[in-house]
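The residues of the chain are indexed from 1 along the displayed sequence. All values reported here derive from a predicted model rather than from experimental measurement.
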Amino acid sequence: MPYSDLLRGRYSRPGFAYLLTAATAGRQPVFIAFDSAIEVAREIHQLECIGVWMVHAWVVMPDHLHVLADLESATLGKAMQMLKGRTARRVNAVCGITGALWQRGYHDHAIRADEDLRVIARYVVANPLRAGLVRRLSDYPFWGARWIPDLGPPEGGPTAV
C-alpha cells in the first residue's frame with residue numbers, strides 16, 4: 001500500500017487521544033541499546049513539556065514505539081515529524097550511526113469515546129511482556145503510564161529520564 005493511501009482519511013484534532021506507532025527502518029532493533037532507547041524516551045517527554053501532547057502511556061521496544069497521548073498544540077503529522085526527526089538526530093549523534101532511523105510514516109488510531117484509555121495503556125505498556133523481553137514489567141526500563149506513579153516518576157515509569 002502506498003504511503004499516500006495511509007494519509008487518506010487521517011484526521012487529527014487537538015484534545016483527542018491517539019495511539020501512535022512508529023517502527024525503525026528495516027525493523028532494526030536499534031533501541032535494544034540503552035543509549036538509543038533513552039534518547040527516544042527523553043524526546044517523548046520533551047514533546048510533552050513543550051505542549052505538543054499529553055502522554056498517557058508509552059513504550060520503546062527494540063524496533064518500534066507506541067505512544068498513547070492527547071494532542072495539544074500539533075497535528076498528528078507534526079507531532080510525529082517532530083518525534084522522529086528529533087530522535088533521529090539525537091540517536092545518530094549519541095550512537096555514532098548514520099542513515100534513516102525510522103520507517104516512513106506511522107500508524108495512528110483515534111481513541112473513541114467508548115474505549116477505555118486505561119485498558120489501552122495497559123496494552124501499550126505490556127508490550128515487553130508479550131514480546132518475552134522481561135517477566136515483570138518493572139524489569140523493563142523504557143515505558144511509562146500516567147496511572148502507575150508508584151513504580152517511579154509519573155512521566156517516566158521506573159526510568160528517570
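Partners of Arg112 by side-chain contact (heavy atoms from CB on, under 4.5 Å), not counting sequence neighbours, listed by chain and number: His109, Asp114, Glu115. Listed by chain and number, the residues in a salt bridge (charged side-chain N to carboxylate O under 4.0 Å, His left out) with Asp63 are Arg27 (sequence neighbours excluded). Partners of Ala100 under the side-chain contact (heavy atoms from CB on, under 4.5 Å) rule, at least two apart in sequence or in another chain, are Ala25. Under the rule for a salt bridge (charged side-chain N to carboxylate O under 4.0 Å, His left out), Arg89 has no partner lying at least two apart in sequence or in another chain. Considering only residues two or more places apart in sequence or on other chains, Ile50 meets the side-chain contact (heavy atoms from CB on, under 4.5 Å) condition with Gln46, Leu47, Val52, Met82, Arg86. In terms of the salt bridge (charged side-chain N to carboxylate O under 4.0 Å, His left out) criterion, residue partners of Arg136 (sequence neighbours excluded) are, by chain and number, Asp139. For Ala57, the side-chain contact (heavy atoms from CB on, under 4.5 Å) partners are Leu68, Ala121, Val124, Val125, Ala145, not counting sequence neighbours.
Two residues are said to be in side-chain contact when any heavy atoms from C-beta on lie closer than 4.5 Å; Thr21 and Leu65 fail this criterion. With contacts defined as side-chain heavy-atom distances shorter than 4.5 Å, the pair Trp53/Leu20 qualifies. In this structure, the side chains of Val134 and Leu129 come closer than 4.5 Å at one or more pairs of heavy atoms. Val94 is not listed as a side-chain neighbour of Ser36, based on a closest heavy-atom distance of 4.5 Å or more. Side-chain contact between Ile120 and Leu19 is present, with at least one heavy-atom pair separated by less than 4.5 Å.
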Yes or no on side chain to side chain contact (heavy atoms under 4.5 Å, CB included) for Asn92 and Thr98, after CA distance, side-chain angles and deciding distance? CA-CA 6 Å; Asn92 285 351; Thr98 59; 5.6 Å; no
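The number of heavy-atom neighbours closer than 6.0 Å to CZ of Arg130, taken from other residues, nucleotides and ligands shown, is above 12.
Here the closest non-hydrogen pair linking Pro62 and Thr24 is O-CG2, 4.5 Å. Residues Ala79 and Leu71 come closest through the heavy atom pair CB-CD2, 4.3 Å.
We find that Lys84 and Glu43 are not joined by a salt bridge, their nearest charged nitrogen and carboxylate oxygen being 4.0 Å or further apart.
Each ring-ring contact (aromatic ring centres under 6.0 Å, His included) pair with one or both residues in residues 67-93, not counting sequence neighbours, would appear here, but there are none. Listed by first and then second residue, the ring-ring contact (aromatic ring centres under 6.0 Å, His included) pairs that reach into residues 63-82 are His64-His66, sequence neighbours excluded. Sorted by first then second residue, the ring-ring contact (aromatic ring centres under 6.0 Å, His included) pairs that include residues 111-132, not counting sequence neighbours, number zero. Counting only residues at least two apart or in different chains, salt bridge (Lys or Arg N to Asp or Glu O under 4.0 Å) contacts with residues 31-40 comprise Glu39-Arg42, Glu39-Arg90. Here side-chain hydrogen bond (donor to acceptor under 3.5 Å, both in side chains) pairs that include residues 69-82, with residues two or more places apart or in two chains, are His56-Asp70.
With hydrogens and angles disregarded, a donor-acceptor distance shorter than 3.5 Å links the side chain of Trp143 to the backbone of Leu137. In this structure, the side chain of Glu48 engages the main chain of Val55 through a donor-acceptor pair within 3.5 Å.
The CD atom of Gln28 sits 10.0 Å away from atom CD1 of Ile97, with the distance rounded to the nearest 0.5 Å.
Residues Val40 and Phe34 share a single hydrophobic cluster, defined by chaining ILVMFWY side chains whose heavy atoms lie under 4.5 Å apart. Met54 and Leu117 fall into different hydrophobic clusters, where Ile, Leu, Val, Met, Phe, Trp and Tyr are joined by side-chain heavy atoms under 4.5 Å apart, directly or via other members.
Residue Phe31 is tested with Tyr140, Trp102, Phe142 for a ring-ring contact (aromatic ring centres under 6.0 Å, His included); the sole match is Trp102.
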